[in-house]
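Working notes for the structure below.
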Amino acid sequence: MKPKIVLLALMCVIVFNNCSKNFDPVSPNPHNSTGVILLKIDRENAPASVTLIEATLSRSGYDSIFASLNLLSDSTAEVTLDNIQAGVWHLQVDAKDSVGEVLYTGATDVEILAGFVVQVHLTLYPTGLGTGGIYIFVTWGSQPPAYWIDYPHNPVLLPFGNYYDSYGISQPTVIKDGNTFKMWYVADAGGAVKYVFYAESNDGITWIRPSNQPVLSPGPYGSWDSKAVHPGAVIKDGGTYKMYYCGWSDPNDDWHVGLATSTDGIVWTKHPFPVLIGGTSNEEKQVVATSVIKINNTYYMYYSAGFYLQSWKIYLATSTDGINWVRSANNPILAPSETWEGSGIYHCSVLSDGNNYKMVYMNRASTGFGMATSANGINWSKSINNPFFSRELTHNNWGSESISYPNWLKLENEQRIYYTAQKNYSTSRIGFMKKPGN
């Protein structure tokens, strides 16, 4: 087997007056026009003949930028190139031996975009002066190939600490309505009692809550949702907000999906009966609607279903009025099939432009998120790079215990996934990750 080394490059889109090895590689600053590259070298797999790695960035009208790493003497496996002006640069990487002969070399053009993270692969080829082979994998981003970056100041929403959310907050459902981001989320009062709260924001980062009281509460004693309500999906349909929420009277019995409507997203009126019934089979004893999209005149509801000892899977139902739903004959449309998914997949969030469908989902163990794509919203293919995001990648390990309930939001020049995470504390909180483009 040919020896190889891996070179991992992270691009930062923030200006540093005095850049150090401890810089924050994902802090957003749309006003800056320079970046930083951190080169990380895998020493263990480096060929014995290679002792020095040199990287050069060049561009017409600019001074070249150089960096090097001695694999034998340097205490770190990192090299920093800082103050790189946004634009197209020529990157060349050389691997040399102890007398300075270039054994392997490779080059590519890289466009550095302030505020964006892009990916490029670079292969170094032997020059003929040495023996063996070397492969260098250069990634401009935090994780190849998905290049989602976690927001560095997560979490963005914390519990009040009152009765309603004494056990944390979770399951964010976020939409952008005009210039306002609107979020509905679960407040956990403990004992399987849950409420729906509301927050809003101008940028999706700094959130305010108009009230410290829930906007949706469990129903009266004896009702189907007397114990808990939590928002699985919220859409704005014309001038009406529609919330497809999960509710139960006993967490160990059937769960159902209800519908509540509102003209402002704050004052809600419940439909008198569940619109999707759980308990129709052991596989669908507990149902949770997590994403609803409307294409032309058809509503598509993506929901999770399972039970304590059953494998959780993802299902589909359709409707022409948003009230009467028909389960798909293709159900389940997505089931666990990969090792990381364990005993179930859950809580999907779906985006569509009418021609292509994209889904993000979680595994039941709450350790990672996966992606799937579809041409018709029914037949899905999982990404070969799953899980594309895991709890180990959360910034400052704020989600080192668990990450869950992803909610995918498409903006003009950016995509975000809001999600729930826990560290070494008893309460869950809400944050997000992002990537450029749409």
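Residues satisfying the side chain to side chain contact (heavy atoms under 4.5 Å, CB included) test with Asp353, not counting sequence neighbours, are Asn355, Asn356. In this structure Ser249 satisfies the side chain to side chain contact (heavy atoms under 4.5 Å, CB included) test together with Ser226, sequence neighbours excluded. Taking Thr269 as the reference, nothing meets the side-chain hydrogen bond (donor to acceptor under 3.5 Å, both in side chains) condition, with sequence neighbours excluded. With sequence neighbours left out, Ala228 forms a side chain to side chain contact (heavy atoms under 4.5 Å, CB included) with Lys194, Trp248. By the side-chain hydrogen bond (donor to acceptor under 3.5 Å, both in side chains) test, Asn376 pairs with Ser374, Asn379, sequence neighbours left out. Judged as a salt bridge (Lys or Arg N to Asp or Glu O under 4.0 Å), and not counting sequence neighbours, Lys176 has no contacts. Every residue meeting the side chain to side chain contact (heavy atoms under 4.5 Å, CB included) condition with Lys285, not counting sequence neighbours, appears here in chain and number order: Asp253, Asp254, Phe307. The side-chain hydrogen bond (donor to acceptor under 3.5 Å, both in side chains) test applied to Tyr300 returns no partner, not counting sequence neighbours. When the ring pair (Phe, Tyr, Trp, His ring centres under 6.0 Å) test is applied to Phe160, no partner is found at least two apart in sequence or on another chain. By the side-chain hydrogen bond (donor to acceptor under 3.5 Å, both in side chains) test, Asn154 pairs with Asp150, sequence neighbours left out.
The shortest heavy-atom contact between Gly377 and Ile333 is O-CD1, 4.3 Å. Of all heavy-atom pairs between Ala86 and Arg59, the closest is O-NH1, 2.9 Å. Of all non-hydrogen atoms in Arg429 and Pro159, the two that sit nearest each other are CG-CD, 4.0 Å. Across all non-hydrogen atoms, the minimal contact from Lys227 to Gly191 is CE-O, 3.2 Å.
Side-chain contact annotation: Asp264 with Tyr241, donor-acceptor N/O pair under 3.5 Å absent. Using modelled atom types and a 3.5 Å distance limit, the side chains of Lys313 and Ser304 yield no donor-acceptor pair. In summary, the side chains of Ser201 and Asp203 do present a donor paired with an acceptor at a separation below 3.5 Å, with no hydrogens or angles considered.
With respect to the salt-bridge test (charged N to carboxylate O, under 4.0 angstrom), the residues Glu284 and Arg327 qualify. Here Asp177 pairs with Lys236 in a salt bridge; the nearest charged N to carboxylate O distance falls below 4.0 Å. Residues Glu414 and Lys434 are paired through a salt bridge, judged by an N-O separation under 4.0 Å between the basic side chain and the carboxylate.
In this structure a side-chain-to-backbone donor-acceptor pair under 3.5 Å is present from Trp184 to Gly265. The backbone N or O of Gly368 lies less than 3.5 Å from a partner atom in the side chain of Asn363, making a donor-acceptor pair. The backbone N or O of Thr320 sits nowhere less than 3.5 Å from a side-chain atom of Asn297 that would complete a donor-acceptor pair. For Gln286 (side chain) and Pro251 (main-chain N/O), a donor-acceptor pair under 3.5 Å exists by modelled atom type. Between the side chain of Asn324 and the backbone N or O of Asp321 there is no donor-acceptor pair closer than 3.5 Å. The backbone N or O of Gly278 sits less than 3.5 Å from a side-chain atom of His256, completing a donor-acceptor pair.
Residues Ile417 and Asn407 fail the side-chain proximity criterion, which asks for heavy atoms closer than 4.5 Å. With a 4.5 Å cut-off on side-chain heavy atoms, Val288 and Trp255 count as touching. Side-chain contact between Glu392 and Thr367 is absent, with no heavy-atom pair separated by less than 4.5 Å. Counting heavy atoms from C-beta outward, Ile403 and Phe389 have side chains that approach closer than 4.5 Å. At least one side-chain heavy atom of Cys348 sits under 4.5 Å from a side-chain heavy atom of Ile314. Proximity of Glu338 to Asn386: side-chain heavy atoms (C-beta onward) are separated by under 4.5 Å at one or more points. Here the side chains of Thr290 and Gln171 are not in contact, with every heavy-atom distance at 4.5 Å or above. Side-chain atoms of Leu276 and Met301, non-hydrogen and from C-beta on, do get closer than 4.5 Å to each other.
With rounding to the nearest 0.5 angstrom, the CZ atom of Arg416 is 7.5 Å from the CG atom of Leu409. Rounded to the nearest 0.5 angstrom, Ile323 CD1 and Tyr299 OH are separated by 8.5 Å. We find the OG-CE distance between Ser381 and Met359 to be 11.0 Å, quoted to the nearest 0.5 Å. Note that CZ of Phe388 and CG of Leu393 are 10.0 Å apart. Values are rounded to the nearest 0.5 Å. Taking OG1 from Thr173 and NZ from Lys182, the interatomic distance works out to 14.5 Å, rounded to the nearest 0.5 Å. Separation of atoms CH2 (Trp89) and CG (Leu57) is listed at 6.5 Å; rounding is to 0.5 Å.
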Evaluate Ser352 against Lys358 for side chain to side chain donor-acceptor pair (under 3.5 Å), listing each step before the verdict. CA-CA 6 Å; Ser352 174; Lys358 298 178 181 179; over 6 Å; no
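No close placement of the Tyr198 and Trp268 rings is indicated, their centers lying 6.0 Å or farther apart.
Trp325 and Tyr244 have perpendicular rings, their planes meeting at more than 60° on a 0 to 90° scale where under 30° would count as parallel.
For the pairing with Tyr245, the ring-ring contact (aromatic ring centres under 6.0 Å, His included) check across Tyr303, Tyr195, Trp224 returns one residue only, Trp224. Partner Tyr151 forms a ring-ring contact (aromatic ring centres under 6.0 Å, His included) with one of Tyr418, Trp398, Phe432 and no other, that one being Phe432.
Among residues at least two apart or in separate chains, ring-ring contact (aromatic ring centres under 6.0 Å, His included) pairs with a member in residues 343-370 are Trp312-Tyr346, Trp340-Tyr361, His347-Tyr405, Phe369-Tyr419. Pairs of residues two or more places apart, or lying in two chains, that qualify as side chain to side chain donor-acceptor pair (under 3.5 Å) and include a residue from residues 207-220 are Tyr164-Gln213, Tyr185-Arg209.
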